Amino acid sequence: MGFALVVSDGHEIHRVRDRDYKETPQRLRSILKGIEGMTVWDRLAPQTFPEQHILDVHDAKFFKFMTDVLECLEPDEELLPSVIPIRNQTRLPSDLALQAPYYSIDTFTPITRNAYVTARKSVDCALTAAQAVLDGTRAAYALVRPPGHHAEHRYFGGYCYFNSLAVAANYLSKHGKVAVFDLDYHHGNGQQQIFYERNDVLTMSVHGHPNVAFPYFSGFEDEDGAGVGEGFNLNVPLPEGVDGQAYRQALVKLVRRAEEFTPAFIVVALGLDTAKNDPAGTWLLQARDFRQNGQIIGSLRLPTLVVQEGGYNLRTLGINARHFFEGLWEAQQAAG
Ligand code: Q9C
Ligand code: ZN
């Protein structure tokens with residue numbers, strides 16, 4: 001049996017007009033071009049799942065807002081947050097468009113009708129891939145956009161709307177413990193916050209230090225979980241300019257923690273913005289480093305769900321994704 005591949009069809013309708021907005025349809029095309037020649041894939045069509053799976057990790061009012069606000073939008077309208085609502089977060093203005101900043105972590109991720117449709121599709125793809133893992137596939141890859149790992153219980157932002165990987169991890173957690181590896185250059189604040197008080201989902205992230213990298217407000221080393229979840233979140237923030245070798249040292253720390261945790265499933269947030277010359281990052285990883293990262297995760301030899309997150313250099317996305325999955329495959333096949 002090969003690796004399952006679930007690609008979000010129709011993602012192209014989500015494109016933000018700002019020329020500096022890096023989360024574009026070309027990203028997914030570049031990745032697909034890079035990996036489609038591999039013989040390991042069994043392509044699966046995305047299935048539709050009930051919205052209850054989203055409500056299991058996201059706030060009901062947040063979800064209702066994200067759905068209802070579309071009614072005030074023209075087909076191509078982009079709604080950006082306006083005020084900075086840090087003073088009174090409980091009494092929201094009645095105008096839905098004015099509520100946007102109360103549900104956002106930043107000021108650059110717009111809500112649009114198409115963003116909503118494609119974000120729902122990302123969730124469905126992640127759940128389809130999770131189901132393949134439950135059905136016995138060794139690894140499944142949800143190749144999706146928009147990404148999701150910055151979306152918290154009641155916040156969108158960082159190019160993300162719904163946390164697809166958290167929805168899928170929560171779905172898997174009904175069948176066994178889950179260890180999440182966030183490999184994106186940016187801290188996985190979404191799943192950290194969503195699972196912060198749980199001890200059946202271990203969330204881990206290696207990322208640019210929040211003193212210098214988005215999202216700036218979380219990803220610090222001392223954030224280690226709360227309540228029964230204390231000790232079940234692990235952050236390894238690193239400085240700018242990290243190379244493949246320094247990255248692996250951090251990744252191995254995560255693997256050690258995961259081994260101690262004895263998960264039934266691995267979930268990987270596959271950000272490729274750790275690559276050399278990525279416009280959203282500062283690190284220096286090359287194709288051979290992505291292969292080794294895949295091997296390190298694969299050496300756990302556990303059923304693995306991979307969800308696509310960031311990565312913005314159209315010239316290297318495909319080759320780096322391919323190398324990651326080659327490494328994952330090699331290590332999972334290896335005897336022992
Ligand atoms: N205009 C992901 O990689 N950078 N999100 C600041 C300000 C945004 C990264 C841009 C970084 C968001 C999924
Ligand atoms: Zn990122």
Side-chain angles (χ1 to χ4, degrees), residues 8 11 14-28 30-31 78 80-81 84 101 104-111 115 118-119 122-123 125-126 142-152 155-168 180-194 203-219 235-238 240 242 247 250-251 267-285 290 293 306-314 316-317 320-321 324:
S8 62
H11 70 90
H14 174 46
R15 57 171 84 231
V16 172
R17 278 188 291 274
D18 178 359
R19 284 180 71 260
D20 294 331
Y21 200 84
K22 296 186 241 305
E23 207 289 280
T24 62
Q26 291 89 316
R27 299 177 54 243
L28 194 147
S30 300
I31 296 173
E78 298 178 356
L80 279 170
I84 301 171
S104 177
I105 66 168
D106 67 42
T107 54
F108 57 83
T109 306
I111 300 179
T118 53
S122 290
V123 173
C125 289
L143 174 49
V144 297
R145 61 172 290 276
H149 78 144
H150 292 305
E152 298 187 354
Y155 293 98
F156 71 96
Y159 308 151
C160 305
Y161 300 91
F162 302 124
N163 196 320
S164 313
L165 105 88
V167 176
V180 179
F181 287 80
D182 194 310
L183 308 186
D184 192 278
Y185 176 77
H186 305 95
H187 176 232
N189 62 292
Q191 66 271 12
Q192 167 174 310
Q193 189 268 337
I194 286 166
T203 47
M204 302 179 288
S205 181
V206 185
H207 47 264
H209 197 287
N211 286 344
V212 293
F214 184 88
Y216 307 111
F217 58 78
S218 84
N235 285 333
V236 182
L238 298 176
E240 298 186 322
V242 160
Y247 187 86
L251 185 53
V267 175
V268 177
L270 183 61
L272 299 165
D273 38 13
T274 51
K276 189 177 155 117
N277 293 323
D278 190 281
T282 66
W283 291 354
L284 304 166
L285 275 65
F290 286 95
N293 293 346
V306 181
V307 180
Q308 184 59 46
E309 296 293 344
Y312 306 95
N313 184 332
L314 299 176
T316 57
L317 279 170
N320 290 341
F324 177 83

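Remember, it's a predicted structure, so these values are computed and weren't measured experimentally. Numbering of ligands and ligand atoms starts at 1, following listing order.
- Nearest non-hydrogen protein atom to atom 5 (N) of ligand 1 is Gly158 O, 3.1 Å.
- Within Asp184, the N, O or S atom lying nearest to the Zn ion (ligand 2) carries the name OD1.
- In summary, the aromatic rings of Tyr21 and Tyr159 are positioned with their centroids under 6.0 Å apart.
- Side chain to side chain, Asp182 and His207 fail the donor-acceptor criterion of an N or O pair below 3.5 Å.
- Per-residue contacts place His149 under 4.0 angstrom from the following atoms of ligand 1 (heavy atoms of the residue considered): 13 (C).
- Using modelled atom types, no side-chain atom of Gln191 and backbone atom of Gln193 make a donor-acceptor pair closer than 3.5 Å.
- Given atom 3 (O) of ligand 1, the protein heavy atom at minimum distance is Tyr312 OH, 2.6 Å.
- Within the structure, ligand 1 lacks Lys22 among the residues with a heavy atom less than 4.0 angstrom away.
- Exactly one of Val242, Leu285, Leu284, Thr282 qualifies for a side chain to side chain contact (heavy atoms under 4.5 Å, CB included) with Thr274. That residue is Leu285.
- The minimum distance between the Zn ion (ligand 2) and any N, O or S atom of Asp273 involves atom OD2.
- Annotation: atom 7 (C) of ligand 1 to nearest protein heavy atom, Phe108 CD2, 3.8 Å.
- Heavy-atom separations between His186 and ligand 1 include at least one value shorter than 4.0 Å.
- Put simply, His149 stays out of reach of the Zn ion (ligand 2), with no N, O or S atom under 2.8 Å from it.
- Side-chain contact, His187 with Ser205: no donor N or O sits under 3.5 Å from an acceptor N or O.
- On a distance-only criterion, Asp273 and ligand 1 share at least one N/O pair closer than 3.5 Å.
- For the pair His149/Leu165, a side-chain contact is recorded, criterion being any heavy-atom separation below 4.5 Å from C-beta on.
- Residues passing the ring-ring contact (aromatic ring centres under 6.0 Å, His included) test with Tyr155, sequence neighbours excluded: none.
- Ring centroid separation for the pair Phe156 and Phe162 does not come in under the 6.0 Å cut-off.
- Proximity of Gly271 to ligand 1 is not established, as no heavy-atom distance is less than 4.0 Å.
- In the vicinity of Gly310, heavy-atom distances shorter than 4.0 Å reach the ligand 1 atoms 3 (O).
- Between Tyr161 and Thr109, the side chains place no donor N or O within less than 3.5 Å of an acceptor N or O (distance only, hydrogens not considered).
- Near Asp184, with a cut-off below 4.0 Å to any heavy atom, the atoms of ligand 1 are 3 (O).
- Nearest N, O or S atom of His186 to the Zn ion (ligand 2): atom ND1.
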